[in-house]
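Reading through the structure tokens given below for one structure.
Order of listing sets the numbers, starting from 1, for every ligand and every atom in it.
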Amino acid sequence: MTNLLDRTLVRLLPAVPKPLVKLIADRYVAGAHLADACRVVQRLNAEGKLATVDVLGEEITSREEALAIVDAYDEVSEAIGHEHLGSNLSVKLTALGLKLDYAFCLENTEAVLDRAGAFVRIDMEDSTCTEDTLRLYRDLRGRGRDGVGIVFQAYLRRTLSDVRALADLTPNVRICKGIYVEPPDVALQGFDEVRENFVAALDLLLEQGSYVGIATHDEWLIDQGLGLVERHGLSPGEYEFQMLLGVRTKLANELVRAGHRVRIYVPYGEHWYAYSLRRLQENPKLAGYIAADTIGRLVPGRNGGA
Ligand code: FDA
């Protein structure tokens, strides 16, 4: 039933006037320009949070577009240094040419790393990218690039074995549930089994000595994460929590107040509208969250500001 409602919301979206979509997207996307992202990061830093900046690119189809994304990351890196921002970078390999040519993508990722003073996180995309993304990460580390990290998705059936396979690199990891719609033979479908796999992967990663960004807004998982970092004897600064811009701000503030490191994912770019629609169409569940959250804000006492 919820699924049906979410899908209906998604179908209606293109009919919603753009300014209204913008009103909603404003909470989740910093803006169209780098200056917007810098302003948001400054505000987050003032609230005691770190950031990771993502340049929104449309699905790229040419080398020129991939090179333009490299240039955009250059500008972000320069701004982070110049404005002393507490932020690193998040990149999507498809935007750097993964689907065009592996070697070209590797070269572009190295170019981003070369010019970035900050750490670079490689986001994990849909399962058609998993193998090449892990391979590229291993290649980068083999070339002596250490300021780079990977993402594991708890919903993938292969994740625990991938965590073990990369153990020799002690990777810096973000663990999240996974956002793409994947078939049952590739990804776990049950809410509880994804949670269980998240906890198992996090435990294994901490056991193997990885620095982990625990990326979730699920309070149960955050509690499990807090229990695990304590059991592994870690101090604040030896792990972090990560959330998306505009989601569960109060919860993020509570973690900051309790002394934990919190990093917020800050997407920005000219293609915010197409990006928002595509993300919603890829994952109808998101439309349900946003609708519930927006209604929560309009109707006092319902979920507002969470
Ligand atoms: P869950 O989906 O159960 O959400 C818990 C609660 O949080 C919901 O009930 C809702 O109230 C709220 N919520 C969650 N998402 C919301 C939203 N978008 N809008 C409004 N409310 C929302 N995925 C991936 O495949 N590859 C990646 O590289 C990344 N990177 C990434 C970075 C960071 C910093 C985060 C926080 C997340 C990602 N993700 C991701 C997305 C991730 O896989 C997952 O889809 C979302 O975080 C939602 O899952 P939760 O763990 O929050 O649980």
For atom CD of Gln208, decide whether the heavy atoms of other residues, nucleotides or ligands shown that lie under 6.0 angstrom number more than 12.
yes

Atoms of ligand 1 close to Tyr265 [distance to a heavy atom under 4.0 angstrom, numbered from 1]:
32 (C), 34 (C)

A student checking ligand 1 against Phe191 at a 4.0 Å heavy-atom cut-off should list atoms 3 (O)

Let me confirm one number: the OH-CG distance from Tyr137 to Leu93, rounded to the nearest 0.5 Å.
12.5 Å

Nearest option to atom 47 (O) of ligand 1, as decided by whichever heavy atom of Glu240, Lys92, His217 sits closest
His217

Under 3.5 Å, N or O to N or O, is Arg174 touching ligand 1 that way?
yes

With heavy atoms of Tyr180 as the reference, note each atom of ligand 1 found under 4.0 Å away.
25 (O)

Stepwise salt bridge (Lys or Arg N to Asp or Glu O under 4.0 Å) check, Arg145 with Asp139
CA-CA 9 Å; Arg145 307 277 183 185; Asp139 282 348; over 6 Å; no

Identify, by atom number and element, the atoms of ligand 1 in contact range of Asp123, meaning under 4.0 Å from any of its heavy atoms.
28 (O)

What do the steps show when you test Arg158 against Glu131 for salt bridge (Lys or Arg N to Asp or Glu O under 4.0 Å), and what is the final call?
CA-CA 10 Å; Arg158 58 180 287 168; Glu131 199 63 40; 2.9 Å; yes

Side chain, backbone, both or neither: which part of Lys177 has a heavy atom under 4.0 Å from ligand 1?
both

Is it the side chain, the backbone, both or neither of Arg263 that has a heavy atom closer than 4.0 Å to ligand 1?
neither

Say whether Phe198 and ligand 1 are in contact under the criterion: heavy-atom distance to a ligand atom below 4.0 Å.
no

Below the 3.5 angstrom mark, is there an N/O of Met124, backbone or side chain, next to an N/O of ligand 1?
yes

A quick test of your reading: do over 12 heavy atoms of other residues, nucleotides or ligands sit less than 6.0 Å from CD of Glu78?
no

Is there at least one pair of N or O atoms, one from Gly178 and one from ligand 1, spaced under 3.5 Å apart?
yes

Could Arg248 and Glu219 be called an ion pair, given the rule that one side-chain N must be under 4.0 Å from one carboxylate O?
yes

Nearest-0.5 Å distance, CG of residue Asp203 to CG of residue Leu228
5.0 Å

Numbered atoms and elements of ligand 1 in range of Gln153, under 4.0 angstrom, heavy atoms:
24 (C), 25 (O), 26 (N)

Could Lys92 and Glu125 be called an ion pair, given the rule that one side-chain N must be under 4.0 Å from one carboxylate O?
no

Atoms of ligand 1 under 4.0 Å from any heavy atom of Leu244, numbered from 1 in the order shown, are 33 (C), 35 (C), 36 (C), 37 (C)

Just wondering, do Tyr265 and Met243 contact through their side chains at under 4.5 Å, heavy atoms?
no

If you count the atoms of ligand 1 from 1 in the order shown, which ones are under 4.0 Å from a heavy atom of Gln242?
34 (C), 36 (C)

Using salt bridge (Lys or Arg N to Asp or Glu O under 4.0 Å), reason through Arg157 and Asp185 one step at a time and then give a plain yes or no.
CA-CA 8 Å; Arg157 294 185 183 276; Asp185 58 321; over 6 Å; no

So if I count the atoms of ligand 1 from 1 in the order they appear, which ones are less than 4.0 Å from some heavy atom of Val151?
28 (O)

